[in-house]
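Notes to accompany the following structure.
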Amino acid sequence: MSEAPETSQELSEVLEDLRRHLLWQEEDGGRVLQVDARLAAELRGSALRAQMARAPAAKAAPAPAASPPAAAPAAAAPAARPMASSAPAPAPERPLAARAPQQMPARREAPPESLIEVPPRVRPSAGPLPGVVDGERPMLDDIRRELGDCRRCKLCDGRKNIVFGSGNPRAELVFVGEGPGADEDAQGVPFVGAAGQLLTKMIEAMGFRRDDVYICNVVKCRPPNNRNPEPDEVAACEPFLRAQLQALQPKAIVALGKFAAQTLLRDSTPITKMRGNWREYEGVKLMPTFHPAYLLRQPAEKKKAWEDLQQVMKFFGRQPGQRG
Ligand code: URA
């Protein structure tokens with residue numbers, strides 16, 4: 001008898017997890033949804049069967065509905081904080097070591113892969129980070145001021161707006177993308193186009209709100225025709241990204257796509273090999289995963305990305321259904 005609630009809880013968690021996954025699969029025209037709906041039915045059936053087998057007399061304890069989120073233990077959830085765009089409020093000092101106490105799992109080395117194209121190694125520019133004085137923790141608005149009306153690379157020629165970053169200046173979780181597209185260039189805000197809408201769903205499926213986290217890109221100006229950023233452009237912008245991360249001092253970073261992962265980690269391993277394995281950036285946990293624009297083109301890969309994001313949720317002590 002006493003096993004029934006435990007099974008119900010498991011069932012509830014499985015279904016909530018599935019529901020969150022499905023939330024950001026909606027735009028796939030139903031193809032993935034149909035597969036997942038079958039899976040959901042199977043899961044529901046097998047969990048119920050398990051419940052029946054384990055608690056044959058538990059007719060009075062039906063399985064809980066899938067939709068209500070599981071109760072959230074408040075302890076692990078970071079407090080809601082104000083959102084900032086390019087002129088964020090000052091953040092208090094938080095020593096990096098104190099903010100990332102978790103042990104990094106052993107790194108799995110990827111074998112060399114000759115069939116997958118590896119872009120040229122990005123060379124970061126040497127020297128102190130912009131807006132960073134004597135290695136001290138900088139402020140985001142000092143870095144933005146330092147960036148100014150940037151003319152450090154050719155991307156300045158075609159841009160409408162510099163897309164510096166947006167979100168919570170005290171975010172514990174930071175998402176780093178590649179570079180602005182047309183919508184982001186027009187609005188001066190990262191990830192507001194189609195890929196951005198998917199990213200927002202991914203963030204919400206993780207139990208965060210978009211304004212809990214901070215979102216920025218490797219390059220701050222739109223590459224023409226959405227081409228890939230070139231190595232000199234990445235090199236010109238990378239110090240600003242590194243300075244932003246030094247200002248934010250997050251607990252974890254999600255690197256979206258190969259440019260973010262390869263630039264931050266200084267590792268040219270293909271994203272297909274890197275994704276899903278915790279890495280470390282300057283003492284901060286970093287999870288490489290697929291870029292949302294890639295997921296829009298390859299919806300079948302969303303399952304893998306969701307697995308990666310679930311690892312990040314676990315790091316933050318979040319269960320499916322738990323809100324921060
Ligand atoms: N893709 C990115 O990498 N960044 C954006 O801001 C938008 C799309």
Side-chain angles (χ1 to χ4, degrees), residues 13 15-33 35-36 39-40 69 72 77-78 80 83 163 165-168 171-181 183-184 189-218 248 250-261 264 271-272 274-279 285-324:
E13 285 176 6
L15 291 176
E16 177 57 24
D17 181 25
L18 188 65
R19 187 184 71 81
R20 285 173 171 276
H21 186 195
L22 293 177
L23 276 178
W24 54 279
Q25 302 243 2
E26 276 166 358
E27 68 285 329
D28 295 334
R31 190 173 60 81
V32 178
L33 270 175
V35 173
D36 281 346
L39 177 66
M83 179 175 140
V163 181
S166 74
N168 186 341
E172 296 187 330
L173 177 58
V174 174
F175 290 80
V176 180
E178 177 181 318
D183 295 313
E184 292 77 19
V189 180
F191 282 101
V192 289
Q197 283 162 26
L198 177 58
L199 177 62
T200 302
K201 286 183 184 176
M202 291 159 68
I203 291 167
E204 289 172 354
M206 293 171 75
F208 293 91
R209 290 178 311 238
R210 198 180 143 115
D211 55 7
D212 289 333
V213 306
Y214 191 85
I215 305 174
C216 57
N217 283 305
V218 172
L248 290 159
K251 280 187 179 166
I253 299 166
V254 174
L256 300 165
K258 72 177 180 188
F259 279 92
L264 288 172
I271 188 68
T272 46
M274 266 199 277
R275 62 144 283 274
N277 297 305
W278 281 113
R279 301 286 297 267
K285 305 256 294 182
L286 183 149
M287 175 57 70
T289 193
F290 290 132
H291 191 287
Y294 171 77
L295 296 175
L296 289 175
R297 294 192 303 271
Q298 302 287 339
E301 299 285 62
K302 286 181 179 178
K303 189 171 174 295
K304 291 181 192 156
W306 180 233
E307 286 164 11
D308 304 344
L309 298 180
Q310 281 178 302
Q311 292 198 59
V312 179
M313 289 165 67
K314 197 168 166 205
F315 172 76
F316 282 100
R318 282 171 188 241
Q319 303 294 324
Q322 184 174 345
R323 290 240 155 235

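Nearest heavy atoms, N217 versus E178: OD1-N, 3.2 Å. Between A195 and A293, the closest heavy-atom pair is CB-N, 3.8 Å. For the residue pair N277 and P288, the shortest heavy atom distance occurs at O-CD, 3.2 Å. Considering all non-hydrogen atoms of both residues, T289 and A305 come closest at OG1-CA, 3.6 Å. Listed here is the closest heavy atom pair of P292 and L199: CG-CB, 4.0 Å.
For the side-chain contact (heavy atoms from CB on, under 4.5 Å) test, residues two or more places apart in sequence or in another chain that qualify with E307 are R275, K303, Q310. With sequence neighbours excluded, the residues forming a side-chain contact (heavy atoms from CB on, under 4.5 Å) with E184 are V163, P180, V192, listed by chain and number.
Under the 4.5 Å side-chain criterion, counting only non-hydrogen atoms from C-beta, L173 is in contact with M206. Residues K251 and F315 have side chains in contact (heavy-atom distance under 4.5 Å, counting atoms from C-beta outward). Inter-residue side-chain proximity for K302 and L198 is flagged as met; some heavy-atom pair is nearer than 4.5 Å. Considering only heavy atoms from C-beta on, S166 comes within 4.5 Å of R210 through its side chain.
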side-chain contact (heavy atoms from CB on, under 4.5 Å) between R318 and F208, worked out: CA-CA 10 Å; R318 282 171 188 241; F208 293 91; 3.5 Å; yes
Checking side-chain contact (heavy atoms from CB on, under 4.5 Å) for the pair M202/L295: CA distance, chi angles, key distance, verdict? CA-CA 11 Å; M202 291 159 68; L295 296 175; 4.0 Å; yes
Run the numbers on W278 and V312 for side-chain contact (heavy atoms from CB on, under 4.5 Å), then give the verdict. CA-CA 9 Å; W278 281 113; V312 179; 3.8 Å; yes
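Aromatic ring centroids of F175 and F191 lie 6.0 Å or more apart.
Screening I203, N168, V174 for a side-chain contact (heavy atoms from CB on, under 4.5 Å) with I215, the sole residue that qualifies is I203.
We find the CZ-CE distance between F290 and M274 to be 11.0 Å, quoted to the nearest 0.5 Å.
Checking side-chain atoms of D211 against main-chain N and O of G167 turns up no donor-acceptor pair under 3.5 Å.
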